[in-house]
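To keep things clear, I will list the structure first and then write my remarks on it.
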Amino acid sequence: GDWPNVPGEPVVPFGSTWKYLDDGSDQGVAWVTLAFDDSQWAEGAGQLGYGDGDEATVVGFVDTDPLVEDIQKNATTYFRHTFTVDVPAPGGYEFVLIYDDAAIVYINGVGIRTANLPAVVNFDTFATETSTENATIIPYYLPPGLILPGENVISAEVHQASATSSDISFDFELVPLVANPLAQYFEIDENQLVATVDLSTVGISTPIT
């Protein structure tokens, strides 16, 4: 079989700058596409959110129902990040998502992961359950073809568990999967994996995993 690919350097590391919208509006479906104009959105570095005290960027919220006592916070906050790839990784990518309480992630308009949300989601849909603080999905595999040469966009919507929830969190890392650098030094001999070079001459210490 093929050698497994290994993670390379992140193309979108944690702490990247994201555009975000926290005004409680219904953004429909166009906002997840690369062509969408987010120039009027605010921006800040990850981790983004409020209520935990560990945010690099504190996002806001609105009172969706001023007639009800206390603040009824908007269910959804939107995030976008545009990045450029010269040559997409042939092995695909994997991502790590930090969220609280629920999220949907899109790559170039294609939904790739949903957490703690029902099958049908609107801008005012709350999470189906609360998450642990800074819940993390790691890693989640993206096959080749989703990341394209040139500009790409990651879009994410983070949902509260309720209108009175105290916090939200969001950050994201995207890592290319590259060819295993050890593959060139080995071959299969019947039922054994054997080295084809003196590993000490290529700077590899044994034993290796």
Side-chain angles (χ1 to χ4, degrees), residues 4-49 56-57 59 74-125 127 131 135-159 168-179:
N5 294 314
V6 296
E9 290 297 317
V11 295
V12 180
F14 285 129
S16 295
T17 298
W18 293 77
K19 293 293 188 77
Y20 66 90
L21 186 68
D22 54 10
D23 64 359
S25 60
D26 182 358
Q27 288 298 296
V29 297
W31 72 278
V32 304
T33 64
L34 182 61
F36 181 79
D37 181 9
D38 59 13
S39 60
Q40 300 305 306
W41 289 23
E43 68 177 23
Q47 186 176 342
L48 302 101
T57 300
V59 306
N74 46 289
T76 304
T77 306
Y78 303 94
F79 302 91
R80 284 172 50 91
H81 177 80
T82 303
F83 63 101
T84 301
V85 170
D86 293 331
V87 179
Y93 292 77
E94 63 183 18
F95 71 81
V96 182
L97 168 66
I98 294 175
Y99 68 97
D100 186 349
D101 287 290
I104 306 177
V105 178
Y106 309 84
I107 298 285
N108 296 324
V110 178
I112 58 171
R113 189 68 168 92
T114 300
N116 290 355
L117 285 165
V120 178
V121 179
N122 297 309
F123 81 103
D124 54 357
T125 300
S131 68
T136 306
I137 294 177
I138 58 173
Y140 193 80
Y141 176 66
L142 298 178
L146 287 174
I147 304 299
L148 305 174
E151 278 200 331
N152 296 264
V153 64
I154 302 164
S155 310
E157 53 187 89
V158 174
H159 291 246
I168 67 169
S169 300
F170 173 74
D171 209 349
F172 186 95
E173 181 179 68
L174 183 68
V175 178
L177 296 175
V178 299

Less than 4.5 Å apart, side chain to side chain, heavy atoms only: is that true for [X] and [Y]?
X	Y	result
Phe95	Ile107	no
Val121	Ile104	yes
Val6	Val178	yes
Ile168	Asp101	no

Residue of the set Thr76, Thr125, Thr77 for which side-chain hydrogen bond (donor to acceptor under 3.5 Å, both in side chains) holds with His159: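 Considering Thr76, Thr125, Thr77, a side-chain hydrogen bond (donor to acceptor under 3.5 Å, both in side chains) with His159 is found only for Thr76.
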
The test is side-chain contact (heavy atoms from CB on, under 4.5 Å); show your working for Val96 and Tyr140 and say whether it passes. CA-CA 7 Å; Val96 182; Tyr140 193 80; over 6 Å; no

Minimum heavy-atom distance [X]-[Y], with the two atoms named:
X	Y	value
Gly92	Pro144	N-CG, 3.7 Å
Val153	Val32	CG1-O, 3.8 Å
Gly46	Ala56	O-CB, 3.4 Å
Gln27	Tyr78	N-OH, 3.4 Å
Ala127	Leu117	CA-CD2, 4.0 Å
Pro10	Pro176	CA-CD, 4.2 Å

Evaluate the side-chain contact (heavy atoms from CB on, under 4.5 Å) criterion for residues Ile154 and Phe172: first the C-alpha distance (whole Å), next the side-chain angles of each, then the deciding distance (0.1 Å), finally the verdict. CA-CA 9 Å; Ile154 302 164; Phe172 186 95; 3.4 Å; yes

What's the spacing between Ser169 OG and Tyr99 OH if we round to 0.5 Å?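 Here the rounded value is 11.0 Å.
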
Interatomic distance, Trp18 atom CH2 to Thr82 atom OG1 [nearest 0.5 angstrom]: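 It is 9.0 Å, given to the nearest 0.5 Å.
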
Report the C-alpha separation of Val105 and Leu97 in whole Å, then their side-chain angles, then the decisive distance to 0.1 Å, and conclude whether the side-chain contact (heavy atoms from CB on, under 4.5 Å) test is met. CA-CA 9 Å; Val105 178; Leu97 168 66; 3.8 Å; yes

Sequence neighbours excluded, which residues qualify as side chain to side chain contact (heavy atoms under 4.5 Å, CB included) partners of [X]?
X	result
Pro90	none
Thr57	Tyr20, Ala45, Leu48
Asn152	Phe83, Val85, Asn108, Ile147, Leu148
Pro143	Tyr141, Leu146

Apply side chain to side chain donor-acceptor pair (under 3.5 Å) to [X] and list each qualifying residue two or more places apart in sequence or on a separate chain.
X	answer
Asp23	Ser25
Asn116	none
Ser39	Asp37
Tyr106	Glu157

Show me the pairs that pass salt bridge (Lys or Arg N to Asp or Glu O under 4.0 Å) and involve residues 169-178, at least two apart or across chains.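 Qualifying pairs: none.
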
Sequence neighbours excluded, every pair satisfying salt bridge (Lys or Arg N to Asp or Glu O under 4.0 Å) that has a member inside residues 77-96: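 Residue pairs passing salt bridge (Lys or Arg N to Asp or Glu O under 4.0 Å), neighbours aside: Asp38-Arg80.
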
Using the ring pair (Phe, Tyr, Trp, His ring centres under 6.0 Å) criterion, which residues pair with Tyr93? Sequence neighbours excluded.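 Ring pair (Phe, Tyr, Trp, His ring centres under 6.0 Å) list for Tyr93, sorted by chain: empty.
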
Look at the side chain of His81 and the backbone N and O of Lys19, then say whether any donor-acceptor pair between them is shorter than 3.5 Å.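 Checked: no pair found.
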
Start with the C-alpha gap between Ile112 and Leu142, add the side-chain angles, then the distance that decides, and say whether side-chain contact (heavy atoms from CB on, under 4.5 Å) holds. CA-CA 8 Å; Ile112 58 171; Leu142 298 178; 3.7 Å; yes

